[in-house]
Number of protein chains: 2
Amino acid sequence: MSRRSTSAHGSHGIPEATVARLPVYLRALYALADRGIATVSSEELAGSAGVNSAKLRKDLSHLGSYGTRGVGYDVEYLVYQVSRELGLTQDWPVVIVGAGNLGRALANYGGFASRGFRIAALLDADSGVVGTRIARHTVRSAADIEAVVKEHAVSIGVIATPAASAQGVCDRLVAAGVTSILNFAPIVLSVPSGVDVRKVDLSIELQILAFHAQRRAIVGVAHLGEREWQERRARRKGAREPAEAGPGLGGDTGVEAQAVGT
Amino acid sequence: MSRRSTSAHGSHGIPEATVARLPVYLRALYALADRGIATVSSEELAGSAGVNSAKLRKDLSHLGSYGTRGVGYDVEYLVYQVSRELGLTQDWPVVIVGAGNLGRALANYGGFASRGFRIAALLDADSGVVGTRIARHTVRSAADIEAVVKEHAVSIGVIATPAASAQGVCDRLVAAGVTSILNFAPIVLSVPSGVDVRKVDLSIELQILAFHAQRRAIVGVAHLGEREWQERRARRKGAREPAEAGPGLGGDTGVEAQAVGT
DNA sequence: CCGACTTTGTGCAAACGTTCACAAGGGCGT
DNA sequence: ACGCCCTTGTGAACGTTTGCACAAAGTCGG
């Protein structure tokens, strides 16, 4: 989802689900390397990455046969291969549009510049912010989008603006030549095919969590004795009208959810 | 991925992929409602949500038959049904641990409190930050995790700490009764079954984008005429050595990628 | 040099997700 | 009241992802 380009070219060679996990493996590999570990089995690496070992082996097999049977994988070598596959052996200039709270947090985020990514510029539309320095960058005007993209040959853009400006910024980034966009604004961006959009959305993640939490709460309730169930039921009288936000299910549901955790 | 609890209880009734899209539909519905639109067809709604209409209809069909054939869906009614399914008709107290750049940005994020979620507390381990006010909240000490969780019956926790503290914070949240965790720290959290973890990871998203961007660059190059290809090749003389950064594909890759966009 | 042991890489089947295409069902004009 | 037209809801085909289970292939001790 939130990908447009996938359909554009059929034979990818390497499955999307696998691509999404490679960065996780890479991180685990770096952690192992830092601890001075030279060799790792699929079982161990899978453990660090939070997946099962068969999946890990199949994923890695898409990159080639880089393991040694009976031994495992050479950590450094695998780091290199995965990095190369992900395109991290070159460095990617990134432009961040929006220097509000989020843009600032992103600019200050350490893991950003660490591997392969470099902030080419930080832009904002607010003239009160333009010119100030954030994380070693002088904020430039959003009017410079085109100039910055061409100047630094940027192909990855990060949108950290309010929702209202996001589509406009996106259009300008794309027109200027950006083909990969990471969108933090809570809207669905529309882009021409050939442009890749990924979104990060706090609110959506919370809602998904709420769904499961509620589910757990209900299951929890189902496990309650009949008496308690009836009590809750009674408290919920005259519940939903098809209007807006129904009453019922008071603020105590959180407690029910807790019950499952134990 | 990044979900643990799914396996714990077999018959969900409603597919995970659908759940992940419901918040998107909900947002689109709110936008329609704001524009005073009372009825919407699956085609239109799918358009706003960036999915195809068959998928949208199948997704909604999992909640029940809330449409009217020949007409479409009643926007307000559907808002209510989707909200209810997601558990947004109750409100969820959330605790944010970590008041660094990111925690601050989250606390200030408007869309947070807007629908169903309420920041119960903002915690930090740094005594220099504890006591300061951020977004109408006084930052409390991370030592209070257990107290806050119990006090507000919190079941959703957000981890915005450095990677090194994340697992410890997670363990304490879980021990205190939190069963849903949104993790911004770049590590794989390990939690007991029954606890739901979702992760948001800038660095992973960028790496996935880089993969596709690289792919496009290569395809783009392949599609160039032989003369242009040779020109680019020449311009790229003596680029990086095969040590860390692979050869070829210099800083002008963005331009090559553009070729695909058109 | 051989045989026991370990771990990879993969064929296969089941689970899950997406898309097509159309029957079923409801509104609306006449 | 009737029939046309529109849109939903869904059966069935297809594609993707997961996980099992095991043969292939390597190491290492003797």
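A note on names: the letters A, B, ... follow the listed sequences, proteins ahead of strands, and every chain is numbered from 1.
- Distances shorter than 4.0 Å separate some side-chain N or O of Ser42(A) from OP1 or OP2 on dT8(C).
- With rounding to whole Å, Leu78(B) atom CG is found 11 Å from dT8(D) atom P.
- The nearest whole Å value for the distance from the NE2 atom in His62(A) to the C1' atom in dT18(D) is 12 Å.
- Mapping Ser61(B) and Thr18(A) onto DNA chain D by nearest heavy atom places Ser61(B) closer to the 5' end of the strand.
- Of the charged side-chain nitrogens involved, at least one lies within less than 4.0 Å of a carboxylate oxygen, so that Asp201(A) and Arg27(B) count as a salt-bridged pair.
- Heavy-atom nearest nucleotides on DNA chain D were determined for Val71(A) and for Lys55(A), and the one closer to the 5' end corresponds to Lys55(A).
- Counted by atom type alone, Gln81(A) and Tyr77(A) present one or more donor-acceptor pairs between their side chains at under 3.5 Å.
- For dG9(D), one of the phosphate oxygens OP1 or OP2 lies less than 4.0 angstrom from a side-chain nitrogen or oxygen of Tyr73(B).
- Remark: C1' of dA21(C) and CG of Asn52(B) are 13 Å apart, rounded to the nearest angstrom.
- Between Tyr66(B) and Tyr73(B), the distance separating the two ring centers is not shorter than 6.0 angstrom.
- One N or O on the side chain of Ser83(A) and one on the backbone of Val79(A) form a donor-acceptor pair closer than 3.5 Å.
- Taking side-chain N and O atoms only, Arg57(B) has no distance below 4.0 Å to OP1 or OP2 of dG11(D).
- The one candidate from Arg216(A), His212(A), Glu205(A) that meets the side-chain hydrogen bond (donor to acceptor under 3.5 Å, both in side chains) condition with Ser180(B) is Arg216(A).
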Pairs under 3.5 angstrom, nitrogen or oxygen only, protein versus nucleotides 11-15 of chain C, please.
| residue | atom | partner | partner atom | Å |
| --- | --- | --- | --- | --- |
| dG11(C) | O6 | Lys58(A) | NZ | 3.0 |
| dC12(C) | N4 | Lys58(A) | NZ | 3.2 |

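- For the pair Ser41(A) (side chain) and Glu44(A) (backbone), a donor-acceptor distance under 3.5 Å is present.
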side-chain contact (heavy atoms from CB on, under 4.5 Å) between Leu45(B) and Leu78(B), worked out
CA-CA 11 Å; Leu45(B) 183 52; Leu78(B) 199 52; 4.0 Å; yes
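- A straight line from CG of Asp59(B) to P of dC16(C) spans 16 Å, rounded to a whole angstrom.
- Spacing between atom CD1 of Ile14(B) and atom C1' of dC16(C) amounts to 15 Å, rounded to whole angstrom units.
- Residue Val174(B) is tested with Thr179(B), Val169(B), Ile181(B) for a side chain to side chain contact (heavy atoms under 4.5 Å, CB included); the sole match is Ile181(B).
- Rounded to an integer number of Å, the gap from CG of Leu60(B) to C1' of dT18(C) is 15 Å.
- Residue Arg69(A) places no side-chain atom within donor-acceptor reach of the base of dT7(C), judged by atom type and a 3.5 Å distance cut-off alone.
- Side-chain contact check for Arg57(B) and Ser42(B): at least one donor-acceptor pair (N or O, by modelled atom type) lies under 3.5 Å.
- For the helix from dC1(C)-dG30(D) to dT30(C)-dA1(D), the terminal axes (five pairs an end, C1' atoms, rotation from four pairs onto the next four) enclose an angle of 10°, given to 10 degrees.
- The CZ-C1' distance, from Arg21(B) to dT18(C), rounds to 8 Å in whole Å.
- The interatomic distance linking Glu44(A) (CD) with dT7(C) (P) rounds to 8 Å, in whole Å.
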